[in-house]
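These notes concern the structure reproduced below.
Numbering of ligands and ligand atoms starts at 1, following listing order. Only this structure's heavy atoms are used, side chains among them; waters, hydrogens and symmetry mates stay out.
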Amino acid sequence: MSSILDTYARKNISFKKGEGSFLYTENGDKYLDWVAGIATNILGHCHPHVVKAIQDQSKKLIHVSNAFIIKEAESLAKRLTDNTFADKVFFCNSGTESVEGSIKIVRKYFHTIGKPEKNRIISFSGAFHGRTLAALFLANNKSHTEGFGPKVEGFDQVPFGDHEVLKKAINKNTAAIICEPIQGEGGVKVVPDYCLKGLREICDEHEILLVFDCVQTVFRTGTLLGFENSDISPDICCVAKGLGNGLPIGAILLTKEASKGMSHGSHGSTFGNNPLVCAASHAVLDIVLAKGFFEEIEVRGEYFDKALKKLKNNFPKIIKEVRGINFIKGLKLKVDNIDFMSKLMNHKLLTVKASENCIRLFPSLLSTTKELDMGLKIIKKVCEEYKS
Ligand SMILES: *Cc1c(COP(=O)(O)O)cnc(C)c1O
């Protein structure tokens with residue numbers, strides 16, 4: 001019996017080594033890993049540049065208090081602000097912390113500008129924002145909130161994709177709208193660029209802050225955060241997962257205006273700005289910010305999308321829809337997603353489930369077309385098994 005609290009239905013398998021796109025078990029079985037620590041190992045497992053950065057930093061300084069200037073964090077924040085809409089960054093340790101911090105920033109902003117009545121945040125159905133109490137009641141997924149009352153107040157929810165209902169839900173108390181540019185857990189549902197633009201317009205019109213939860217999309221869409229192709233930007237953006245290639249780091253990116261209320265003592269995190277995780281994140285940025293990196297993602301992303309769509313066309317009774325952008329992809333299935341995933345796993349391909357009977361595919365951004373083909377071939381094989 002495990003001594004770990006039983007909150008996960010774990011598969012009876014464990015790994016002793018990871019390298020690039022692959023995971024290896026104790027007895028040498030090799031798996032193609034499209035779970036990627038749930039969209040986290042953006043450059044595959046144990047990328048040498050990240051490993052070296054961790055090794056080097058661990059010999060110099062692992063942790064130091066935020067009572068002092070932390071150069072590794074300062075320079076990481078500078079790189080993030082230089083390359084995004086943001087003017088300021090708050091570092092934390094996870095996605096849910098970045099959401100939780102964003103809620104605080106929104107409330108404090110309106111308090112500071114003398115409009116404390118603006119304190120409610122609108123989310124979309126199907127959203128996932130993490131597992132702390134406020135993030136849970138913000139996303140309002142009944143299967144996650146059940147038994148965890150009393151409810152955290154201050155949140156309203158509207159159906160995904162209904163502009164008119166959203167407009168009606170806005171009132172004098174609305175402070176912010178929070179939206180994932182692609183709903184990950186919700187079933188890899190892409191919010192089209194014109195809708196992101198629409199959200200920006202609504203927010204500007206009603207003096208509402210726009211918050212994007214890019215925890216899962218970061219780097220994977222072939223842009224830095226996941227919304228940049230829309231030509232608009234939020235006031236606040238939550239990031240985590242891929243940012244540290246497996247080391248626990250989260251970040252809140254925000255504009256100078258949105259940061260107005262956050263003065264000394266208004267928020268904190270003991271481990272936030274940790275030099276070791278910042279060094280790992282620097283190593284990730286070295287690679288993804290290199291010239292031509294995202295253009296290259298576009299090329300292999302399109303290859304992957306075309307191949308998945310071809311599979312959908314060849315197996316219309318099994319695959320209903322191909323969703324997602326570049327390296328955050330989903331298949332909406334007509335057969336049971338859990339059954340499909342376990343069949344993929346029998347053929348040594350690891351995938352993640354999502355709502356709406358979907359599976360999620362998170363290949364490393366450095367996957368070669370040969371590795372993509374390997375996974376595609378396994379999906380094809382499993383589709384054929386259903387037919388026979
Ligand atoms: C994973 C995820 C979170 C929560 O991140 P944790 O690091 O697990 O706390 C929040 N929002 C989105 C969109 C996510 O995908």
Ring-face cation of Lys329 near Phe362 (centre distance under 6.0 Å, axis angle within 45°):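 No; the conditions do not both hold, so Lys329 does not lie above the ring face of Phe362.
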
Aromatic Tyr386 / basic Lys343 pairing, under 6.0 angstrom, 45° off normal: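 Here Lys343 passes the 6.0 Å and 45° test against Tyr386.
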
Top protein contact for atom 9 (O) of ligand 1, by heavy-atom distance: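 I find the closest protein heavy atom is Thr96 N, 2.8 Å.
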
Taking atom 11 (N) of ligand 1 as the reference point, the nearest protein heavy atom with its distance: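 For atom 11 (N) of ligand 1, the nearest protein heavy atom comes out as Asp213 OD2, 2.7 Å.
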
Whether Tyr24 and Phe22 hold their rings parallel, tilted or perpendicular, with breakpoints at 30° and 60°: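 Because their plane-to-plane angle lies in the 30° to 60° range, the rings of Tyr24 and Phe22 count as tilted.
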
Whether Phe304 and Phe327 hold their rings parallel, tilted or perpendicular, with breakpoints at 30° and 60°: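 Phe304 and Phe327: parallel rings.
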
Ser94 and ligand 1 - part of the residue with a heavy-atom distance under 4.0 Å: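 Ser94 to ligand 1: contacts from backbone and side chain alike.
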
Ligand 1-proximal atoms of Glu180, by part, heavy-atom distance under 4.0 Å: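 The answer is the side chain.
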
Gly95 N/O to ligand 1 N/O under 3.5 Å: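 Yes, at least one N or O pair falls under 3.5 Å.
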
Option whose closest heavy atom lies nearest to atom 2 (C) of ligand 1, chosen from Glu100, Gln216, Lys241: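 Looking at heavy atoms only, Lys241 sits closest to atom 2 (C) of ligand 1.
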
Contact atoms of ligand 1, heavy-atom distance to Gly130 under 4.0 Å: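 Answer, ordered by atom number: 4 (C), 10 (C).
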
For His129, the ligand 1 atoms whose distance to one of its heavy atoms is below 4.0 Å: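 Answer, ordered by atom number: 10 (C), 11 (N).
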
Residue Phe271 excluded, over 12 heavy atoms near CZ under 6.0 Å: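 Check fails, neighbour count at 12 or below.
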
Crowding at NE2, His111 (>12 non-hydrogen neighbours, <6.0 Å):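 No, not enclosed.
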
